[in-house]
Number of protein chains: 2
Amino acid sequence: MATLGDLERAVMDLLWEHPEAITANSLRDLLSGRPSATDTRPLAVTTVLTVLSRLEKKALVERERSSRPHRYRAVTSRAEHTAELMLEVLGSAPDREAVLARFIGTVSEGEAATLRKLLGHD
Amino acid sequence: MATLGDLERAVMDLLWEHPEAITANSLRDLLSGRPSATDTRPLAVTTVLTVLSRLEKKALVERERSSRPHRYRAVTSRAEHTAELMLEVLGSAPDREAVLARFIGTVSEGEAATLRKLLGHD
DNA sequence: CAATATTTCTACACGTTGTAGAACTTCAAG
DNA sequence: CTTGAAGTTCTACAACGTGTAGAAATATTG
C-alpha cells in the first residue's frame, strides 16, 4: 500500500467527505475552493483525471464507467483506510507489543477511555 | 517523517538490532549476509555511507564523528519509531476514535489483552 | 612522506507524483 | 447522420526520493 502525494491526498479527502460518487469536474471545483489552493491557478481537469486513475490503480478509488461523466467514489472509508495503514506499520514490527505499549502511552485520556470501552469485555 | 526505502530499511533494522554503534564497513558485511542479498554482489561501502548520511539527515541515525571509522547508531528504538509512525498516521485523521475502533477490531486476542493491561487502571 | 583507509562529492538510473496538452471517443443537437 | 462540445485516455515532462557507486578529498599509519 503506497503512500499518497499531496494532491492524491486532497482528492481522497474530498471523496471521503462525499458519500455519493462524484465527477472529476466537481472534484476540480472542490479542489479549487480548498485552503491550500487559494491564489493558485485551478487545476486542469486532466490533472484530476490522472490522479483519479492512479488512485483507481491503487484500489483506493472506484469509478462508475456507466454514467457518462464517470463518477468516482472512495472504496473504503477514511477510518478504515487509516486503520489499515496503522496495521501495516505495526505489522512490520517484530516487537508488536512494545510498539503498542509506546503507542498507548501517547493517546489522550479520552481516547484511552474509548479504547478501554472497545476492549471492554474479554 | 518520510518513509524508508528498502535499503534504508535494511540498514535501520540492523542498527536496531545492534545496541552499540557500528561502522559502515560492518554494516556492509551484515547486509551481505542477510537473506535478500544472497546471490547479489555485495554493496559498495560508499553506498552504505550514502544511505547512512540520508538517514542521519532524517534524524533516524546518529554518528560518532570522533572515532575514526565513524560509528553509527539508531537514534530511537524500533518500537519507538514504529509507534511514532502509527501516531503520525492516526494524527492526520479527523475521526481518530473511529480509526481506533477499526484498529482495535483487528489486533489479536493476545494483543488485546496486553492493551487492556496497559490501559488497566482508569 | 607515501600508501592505505575513510569520508564526502558528484552522478545517474529508475520509480512516483504533480501537472497538463494532444489525441481520441462519445453524445446530444441540428 | 454530421458535427461540435464534453469527456476520456495517451503521452510527456519536471521534480523528488532512493539505490547505487566512482572520483575526489581527507585522514591514518607505517
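Chain letters run A, B, ... following the sequence lines, proteins first and then strands; every chain starts at 1.
In this structure, the CD atom of B:Glu64 is 16 Å from the C1' atom of C:dT7, given to the nearest Å. Summarising the geometry, the separation between CZ on A:Arg9 and P on C:dT17 is reported as 13 Å, rounded to the nearest angstrom. Atom CG of B:Leu27 is separated from atom C1' of C:dT6 by 15 Å (rounded to the nearest Å). As a whole-Å value, the separation of A:Leu52 CG from D:dT8 P is 10 Å. Atom CG in A:Leu55 sits about 14 Å away from atom P in C:dT16, given to the nearest Å. Atom C1' of nucleotide C:dA20 and atom CG of A:Leu31 are separated by 15 Å, given to the nearest angstrom. Atoms CG (B:Leu43) and P (D:dT20) sit 6 Å apart, rounded to a whole Å. Regarding B:Arg71, its CZ atom lies at a distance of 15 Å from the C1' atom of C:dT7, rounded to whole Å.
No contact: B:Thr23 has no heavy atom under 4.0 Å from any strand. When heavy atoms are screened at a 4.0 angstrom cut-off, A:Ser67 is found touching no nucleic acid atom at all. Among the heavy atoms of the strands lying under 4.0 Å from B:Leu49 is at least one base atom, whether or not backbone atoms are also near. Residue B:Arg68 is in sugar-phosphate contact alone, with no base atom involved, counting any heavy-atom pair closer than 4.0 Å across all strands shown. Heavy atoms of A:Thr50 sit under 4.0 angstrom from at least one base atom. In this structure, B:Lys57 reaches neither bases nor backbone, as no heavy-atom distance under 4.0 Å exists between it and the strands shown.
There is no path of hydrophobic side-chain contacts, each under 4.5 Å, that joins A:Val89 to B:Leu60.
One finds no side-chain N or O of B:Thr47 lying less than 4.0 angstrom from the OP1 or OP2 phosphate oxygen of D:dG19. Proximity of B:Asn25 to the phosphate of C:dT6: a side-chain N or O atom is located under 4.0 Å from OP1 or OP2. Using a 4.0 Å cut-off, no side-chain N or O of B:His70 falls inside it from OP1 or OP2 of C:dT6. The phosphate of C:dT8 (OP1 or OP2) has a side-chain N or O of B:Arg65 nearer than 4.0 angstrom. Of the side-chain N and O atoms in A:Arg54, none sit less than 4.0 angstrom from OP1 or OP2 of C:dG18.
Judged by distance alone, with hydrogens and angles left aside, the side-chain atoms of B:Glu8 form a donor-acceptor pair with the main-chain N or O of B:Gly5 at under 3.5 Å. Using a distance-only test at 3.5 Å, with no hydrogens or angles considered, a donor-acceptor pair links the side chain of B:Ser53 to the main chain of B:Leu49. When atom types are taken as modelled, the side chain of A:Ser108 and the backbone of A:Glu111 share a donor-acceptor pair closer than 3.5 angstrom.
A donor-acceptor contact under 3.5 angstrom links the side chains of A:Thr23 and A:Ser26, judged on distance only.
Annotation: of the two residues near DNA chain C, A:Ser66 and A:Lys58, the 5′-most nearest-nucleotide partner is A:Lys58.
Rounded to the nearest 0.5 Å, atoms CD (A:Glu97) and CG (B:Leu118) are 8.5 Å apart.
If you check D:dT9, D:dG22, C:dT19 against the side chain of B:Thr46, the one that comes closest is D:dG22.
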